[in-house]
Amino acid sequence: MSSFNLKDKNVLIFCPSFFGYDVEIKKEIEALGATVLLFDERVFSNVFGKALIRLNFRRVIKYFIEKFYTNNLLNHLEGVNYILLINPETITPNILQRAKEINPNVKIITYMWDSFENKTFSKEYINYSDSFLTFDPVDAKENKVNFLPLFFVDDYQNIKRKK
């Protein structure tokens, strides 16, 4: 996102809570001048709920998904410039379409750090994203989306290599 001018922009991030990467991404975007709201992309934090999501039982938990994204996305869209979806699993195309209806100027950016082989349903986000990026060069080529390698946090630059 660094090629975007983020000074005085409002960004909503939906990202799995994963080893603090979500917080580091938020900090980096804030350092570029944006105001950021960060949400854990997963509707459930318990093992059973996560299993339902991972096994793509979105229809079973539709009520909870709708409630979560209404409260945390659709009700926060006024003045939002960007929605950043990182490795999404639960948001539905319908919710993304509704977000665009509420705020036609919002740009939806999706980044996958898993391959489509692991999350085949993720391909459905391509048509609802203004920009779609993946870490997987094969997925990028086969699906005509942008390739963006994995990132790392600055803390790893200071690790000394041992032979």
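What you see is a predicted model, and the numbers here were worked out from it, not measured in a lab.
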If I take atom [atom1] from residue [X] and atom [atom2] from residue [Y], how far apart are they, to the nearest 0.5 angstrom?
X: Ile95; Y: Ile83; atom1: CD1; atom2: CD1; answer: 11.0 Å
X: Ile102; Y: Lys100; atom1: CD1; atom2: NZ; answer: 12.5 Å
X: Leu85; Y: Tyr111; atom1: CG; atom2: OH; answer: 14.0 Å
X: Leu96; Y: Tyr69; atom1: CG; atom2: OH; answer: 8.5 Å
X: Ile25; Y: Ile86; atom1: CD1; atom2: CD1; answer: 3.5 Å
X: Leu84; Y: Ser129; atom1: CG; atom2: OG; answer: 10.0 Å

Could you tell me if the side chain of [Y] sits less than 4.5 Å from the side chain of [X], heavy atoms only?
X: Leu32; Y: Glu28; value: no
X: Phe14; Y: Thr90; value: no
X: Ile13; Y: Asp22; value: no
X: Asp130; Y: Ile109; value: no

Hey, is the main chain of [Y] close enough, under 3.5 Å, to the side chain of [X] for a donor-acceptor pair?
X: Glu89; Y: Glu41; answer: no
X: Asn103; Y: Val80; answer: yes
X: Lys9; Y: Gly33; answer: no

For Lys26, look at atom NZ and say whether over 12 heavy atoms of other residues, nucleotides or ligands are found less than 6.0 Å away. yes

Atom of [X], atom of [Y] and distance for their closest heavy-atom approach:
X: Pro16; Y: Asp40; answer: CA-OD1, 3.6 Å
X: Ser17; Y: Arg42; answer: O-NH2, 2.8 Å
X: Leu73; Y: Ala99; answer: CD2-CB, 4.4 Å

Just jot down the side chain to side chain contact (heavy atoms under 4.5 Å, CB included) partners of Glu101, sequence neighbours excluded, or say none.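 Partners of Glu101 by the side chain to side chain contact (heavy atoms under 4.5 Å, CB included) criterion, ordered by chain and then number, come out as Gln97, Arg98.
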
State whether Lys27 and Glu30 are salt-bridged, where the test is any N-O pair (Lys NZ or Arg NE/NH1/NH2 against Asp/Glu carboxylate O) under 4.0 Å. no

Given Tyr82, which partner from the list Leu12, Leu6, Asn10, Ile108 fulfils the side-chain contact (heavy atoms from CB on, under 4.5 Å) test?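 The single option meeting the side-chain contact (heavy atoms from CB on, under 4.5 Å) with Tyr82 is Leu6.
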
